[in-house]
Amino acid sequence: MNKNILIVPGDGIGQEVTAVGKRVLDRIAEKFGHAFTYDEALIGHVAIEATGSPLPDETLAKMKASDAVLFGAVGHPKYDNDPSAKVRPEQGLLKMRKELGLYANLRPIKLFDELLGASSIRPEILRGADILFFRELTGDIYFGEKGRKNDGATAYDVAEYSRHEVERIARKAFEAARTRRKKLCSVDKANVLETSRLWREVIQKVALEYPDVEVEYQFVDATAMLLIKDPKKFDVVVTANLFGDILTDEASQIAGSMGMLASASIGDGTGVYEPIHGSAHDITGKGVANPLASILSAALLLDISFGLKAEADAVIAAVDAVLKAGYRTRDIADAHTPQEKILGTSAMGDQVIANL
Ligand code: NAD
């Protein structure tokens with residue numbers, strides 16, 4: 001198979017982990033006889049420094065022209081500590097999602113058995129948890145009107161959803177549930193929010209087309225509690241942008257570390273695959289970042305954008321084998337991990353590649 005992959009490392013550890021993700025794609029191409037060609041583009045702080053824009057037109061054009069994008073992270077402490085900055089790295093991310101029509105963010109939360117001890121949740125509660133989140137990505141309070149009034153003393157952000165926006169992600173989530181345990185949990189706050197009442201109404205309507213999928217409706221506050229109390233009860237979860245942002249970070253603790261979780265942002269065009277973690281400036285340049293989320297993002301890319309399921313499974317199996325052999329990056333090591341098995345970013349990549 002011939003494919004063009006755009007590598008967009010972005011900021012901080014995005015640079016370090018994406019380089020490893022790309023090496024894994026190279027190894028897959030070699031092993032399975034595919035021809036992947038790569039181009040690279042700027043986003044975030046590095047793009048602002050180079051061009052003044054967090055998402056230069058050239059990057060956007062390259063994204064649209066590619067078959068899939070392997071993405072790192074955006075962010076820089078300079079902006080985190082300056083809420084008044086007008087040009088910000090995350091504007092690049094939001095614009096990319098809007099321009100590419102990436103309306104669904106998929107986050108598989110699946111724990112590798114070897115890492116049961118790395119989570120702050122008890123192993124007997126975790127074992128067997130396997131959740132697939134669908135977070136809506138282009139609507140909600142993030143994209144509605146925002147501003148200040150009363151001479152700046154009052155601020156507002158408007159949450160908005162259209163029927164169409166809810167319907168298209170609902171279909172993706174129901175389709176996915178069909179290939180899994182056929183359970184869908186729709187999360188909202190319909191007791192309080194009008195957008196949530198529309199959300200629930202649309203899910204109920206789409207559910208009629210999927211009588212084989214069991215649907216449950218839950219308020220976001222209850223979901224936050226149940227994710228920790230009984231994560232095994234969830235199969236596919238579909239929710240709005242803001243609730244999904246928070247719940248998926250909470251759920252990342254089921255997997256033990258932010259450094260383990262991959263995500264896919266999909267719509268009707270090019271898909272973007274990225275770790276859920278940010279640019280992690282506290283560890284940037286130290287060579288200690290966990291590259292497994294980027295490697296697992298590459299696996300999602302192979303599976304979802306290219307339909308290469310065997311190749312994706314080979315990557316996941318290689319990660320599993322490396323963990324079984326006892327290798328860890330610092331973030332997933334525990335008190336029993338021998339010093340010589342604690343690897344840096346690149347060496348962890350070498351181990352995964354050696355297992356492919
Ligand atoms: P973060 O995910 O960057 O880091 C949170 C903590 O997890 C840090 O202690 C970090 O060292 C650790 N961590 C994250 N990824 C790791 C990895 N691969 N290996 C080992 N440890 C890892 O979140 P933050 O600190 O809240 O944000 C830092 C910057 O990233 C901010 O500028 C924020 O805006 C940005 N951010 C970007 C994205 C994105 O690009 N999608 C997502 C979240 C945050």
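One-based numbering, in listed order, for ligands and for the atoms of each. Note that the coordinates shown come from a computational prediction; the quantities given were computed from them, not determined experimentally. All heavy atoms count here, side chains included; hydrogens, waters and symmetry mates do not.
H76 counts as a contact of ligand 1, since one of its heavy atoms falls under 4.0 Å from the ligand.
Ring geometry for Y79 versus H45: interplanar angle over 60°, hence perpendicular rather than tilted (30 to 60°).
With E216 as the fixed residue, the salt bridge (Lys or Arg N to Asp or Glu O under 4.0 Å) test singles out one of R200, K183, K233: K233.
For D67 against S305, the heavy-atom pair with the smallest separation is O-OG, 4.1 Å.
Of all the heavy atoms of T329, none lies under 4.0 Å from any atom of ligand 1, so neither backbone nor side chain is involved. If you look at V288 next to ligand 1, there are no close heavy atoms at all, none under 4.0 Å. With a 4.0 Å cut-off on non-hydrogen atoms, R330 does not touch ligand 1 at all.
Within 4.0 Å of atom 14 (C) of ligand 1, at least one protein heavy atom is present. The presence of a protein heavy atom under 4.0 Å from atom 31 (C) of ligand 1 is confirmed. Under the 4.0 Å distance rule, the nearest protein heavy atom to atom 25 (O) of ligand 1 falls outside the cut-off.
Looking only at protein heavy atoms, the nearest one to atom 29 (C) of ligand 1 is S279 OG, 3.2 Å. The shortest contact between atom 5 (C) of ligand 1 and any protein heavy atom is with M258 CE, 4.7 Å. Looking only at protein heavy atoms, the nearest one to atom 9 (O) of ligand 1 is D282 OD2, 2.8 Å.
By heavy-atom distance, the residue among G278, A280, A293 lying nearest atom 2 (O) of ligand 1 is G278. If you check each of N290, V17, I283, N81 against atom 19 (N) of ligand 1, the one with the closest non-hydrogen atom is N290.
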